[in-house]
Amino acid sequence: MLNKYARAFFTRVLTPFAAFLIRRGVSPDAVTLIGTAGVMAGALAFFPRGEFFWGTIVITLFVFSDLVDGNMARQLGRSSRWGAFLDSTLDRVADSAIFGGLALWYAGSGDDNILCAVSIFCLASGQVVSYTKARGEAIGLPVAVNGLVERAERLVITLVAAGLAGLHKFGVPGIDVLLPAALWIVAVGSLVTLVQRVVTVRRESAEADAATEAPAQGSEATP
């Protein structure tokens, strides 16, 4: 849901910056790699230590590379299958670092096995949600559904909650409950989205199989 509107807005905002990088000779692939490395550094250096505010700041600075690299490719007129593959693959790596960093916190100093498990579920379900769409499209289906919680929603909900929860260390009372609440929301939303996509793929595959069988039966009936 957010992906449809937020991506269009931030693409317009980031277009001048993308043009600046192009003039400096920076490639879209380089932006993708640097952005992923920055997200991983922010998530794995800060989150396992409970530094949610600063971790979120670092991650946010780099997470927009996902929009900048695609913008650069379009301006250069050389969008490629490799670029799309690299971008999608490294998105999964970045997401794993974010939820993995949270899981490490709850497995260690955060001392909450349930929230550690929820963080791991968010990590795994996010990967599977993306896989269902990719696999469905790979077998020729449109997978015409977005679902309740896509990647944009997962990141926004988690990072906003983590950043605000980090203000607890600056003396803001009670705000640390936002992160556990956000993780539960993302977990449930991801499960719903997974079910939505699986149901959609099942329906579309049945329709595609029926459409393929109909001409074959017709040709058999022709004398």
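FYI, the numbering just counts along the sequence from 1. Just so it is clear, the model here is predicted, and its values are computed rather than measured.
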Residues pairing under ring pair (Phe, Tyr, Trp, His ring centres under 6.0 Å) where one sits in residues 107-154, two or more places apart or in two chains, turn out to be none
Please check if the number of heavy atoms outside Ile114 that lie under 6.0 Å from its CD1 is greater than 12.
no
With sequence neighbours left out, the residues meeting side-chain contact (heavy atoms from CB on, under 4.5 Å) with Ala37 are none
Pairs of donor and acceptor atoms involving the side chains of residues 162-185, under 3.5 Å and at least two apart or interchain, shall be tabulated with distances.
from: His168; atom 1: ND1; to: Val172; atom 2: O; distance (Å): 3.4
from: Lys169; atom 1: NZ; to: Glu51; atom 2: OE2; distance (Å): 3.3

Note: with side-chain heavy atoms under 4.5 Å as the link, the other cluster members for Val201 come out as Ile139, Leu141, Val143, Val145
- Answer yes if the ring centres of Phe52 and Phe47 are under 6.0 angstrom apart, and no otherwise. yes
Residues 108-135 vs salt bridge (charged side-chain N to carboxylate O under 4.0 Å, His left out), sequence neighbours excluded, gives Lys133-Glu137
| task | Verify the cluster assignment for Val118 and Leu191: are they in a single hydrophobic cluster under the rule of side-chain heavy atoms below 4.5 Å apart? | result | no
State, yes or no, whether a side-chain contact exists between Gln75 and Thr15 at a heavy-atom distance under 4.5 Å. yes
(Q) When you group the ILVMFWY residues by side-chain heavy-atom contacts below 4.5 Å and let the links chain together, are Val188 and Val128 in the same group? (A) no
Residues 26-33, side-chain donor-acceptor partners within the protein, below 3.5 Å, at least two apart:
from: Ser27; atom 1: OG; to: Ala30; atom 2: N; distance (Å): 3.1
from: Asp29; atom 1: OD2; to: Trp82; atom 2: NE1; distance (Å): 3.1
from: Thr32; atom 1: OG1; to: Pro28; atom 2: O; distance (Å): 3.0
from: Thr32; atom 1: OG1; to: Asp69; atom 2: OD2; distance (Å): 2.5

With sequence neighbours left out, the residues meeting salt bridge (Lys or Arg N to Asp or Glu O under 4.0 Å) with Arg203 are Glu207
Distance col, row Ser65:OG vs Met72:CE, nearest 0.5 angstrom, shows 11.0 Å
Quiz item: Any side-chain heavy atom of Thr158 within less than 4.5 Å of one from Phe99?
Solution: yes
Minimal heavy-atom distance between Thr193 and Val149, with the atoms involved, is OG1-N, 2.7 Å
* Are Val192 and Val198 connected in the hydrophobic side-chain network, where two residues link if heavy atoms are under 4.5 Å apart? -> no
Of all heavy-atom pairs linking Ala18 and Asn71, the shortest is CB-OD1, 3.7 Å
Note: Ala144 and Glu204 closest approach over all heavy atoms is N-OE2, 2.9 Å
Answer yes if Val129 and Leu155 sit in the same cluster of Ile, Leu, Val, Met, Phe, Trp and Tyr residues linked by side chain heavy atoms under 4.5 Å apart, and no otherwise. no
Indicate every side-chain donor-acceptor pair of residues 86-95 with a distance under 3.5 Å to a residue at least two apart or in another chain.
from: Ser88; atom 1: OG; to: Arg92; atom 2: NH1; distance (Å): 3.4
from: Thr89; atom 1: OG1; to: Phe85; atom 2: O; distance (Å): 2.8
from: Arg92; atom 1: NH1; to: Ser88; atom 2: O; distance (Å): 3.1
from: Asp95; atom 1: OD1; to: Arg151; atom 2: NE; distance (Å): 3.0
from: Asp95; atom 1: OD1; to: Arg151; atom 2: NH2; distance (Å): 3.0
from: Asp95; atom 1: OD2; to: Arg151; atom 2: NE; distance (Å): 3.0

ask   = Would you say Thr212's side chain and Ala208's backbone share a donor-acceptor pair under 3.5 angstrom?
value = yes
Could you tell me whether the side chain of Arg154 and the main chain of Ser190 form a donor-acceptor pair under 3.5 Å? no
The complete set of salt bridge (charged side-chain N to carboxylate O under 4.0 Å, His left out) pairs with one or both residues in residues 177-189, sequence neighbours excluded, reads none
Notebook entry, point to check: How far apart are the C-alpha atoms of Val156 and Glu153, what are their side-chain angles, what is the distance that settles it, and do they pass the side chain to side chain contact (heavy atoms under 4.5 Å, CB included) test?
Noted result: CA-CA 5 Å; Val156 169; Glu153 285 85 2; 6.0 Å; no
Sequence neighbours excluded, the answer for side-chain contact (heavy atoms from CB on, under 4.5 Å) partners of Ala103 is Cys116, Ser119, Ile120
Under a side-chain separation threshold of 4.5 Å, the hydrophobic residues clustered together with Val195 are Val199
Check: Are Leu159 and Met40 connected in the hydrophobic side-chain network, where two residues link if heavy atoms are under 4.5 Å apart?
Finding: no
More than 12 non-hydrogen atoms from neighbouring residues, nucleotides or ligands closer than 6.0 Å to CZ on Arg202, yes or no?
no
Closest heavy-atom pair, Gln127 versus Ser96, reported as atoms and distance to 0.1 Å, is NE2-OG, 3.3 Å
For Tyr106, the ring pair (Phe, Tyr, Trp, His ring centres under 6.0 Å) test, sequence neighbours excluded, returns none
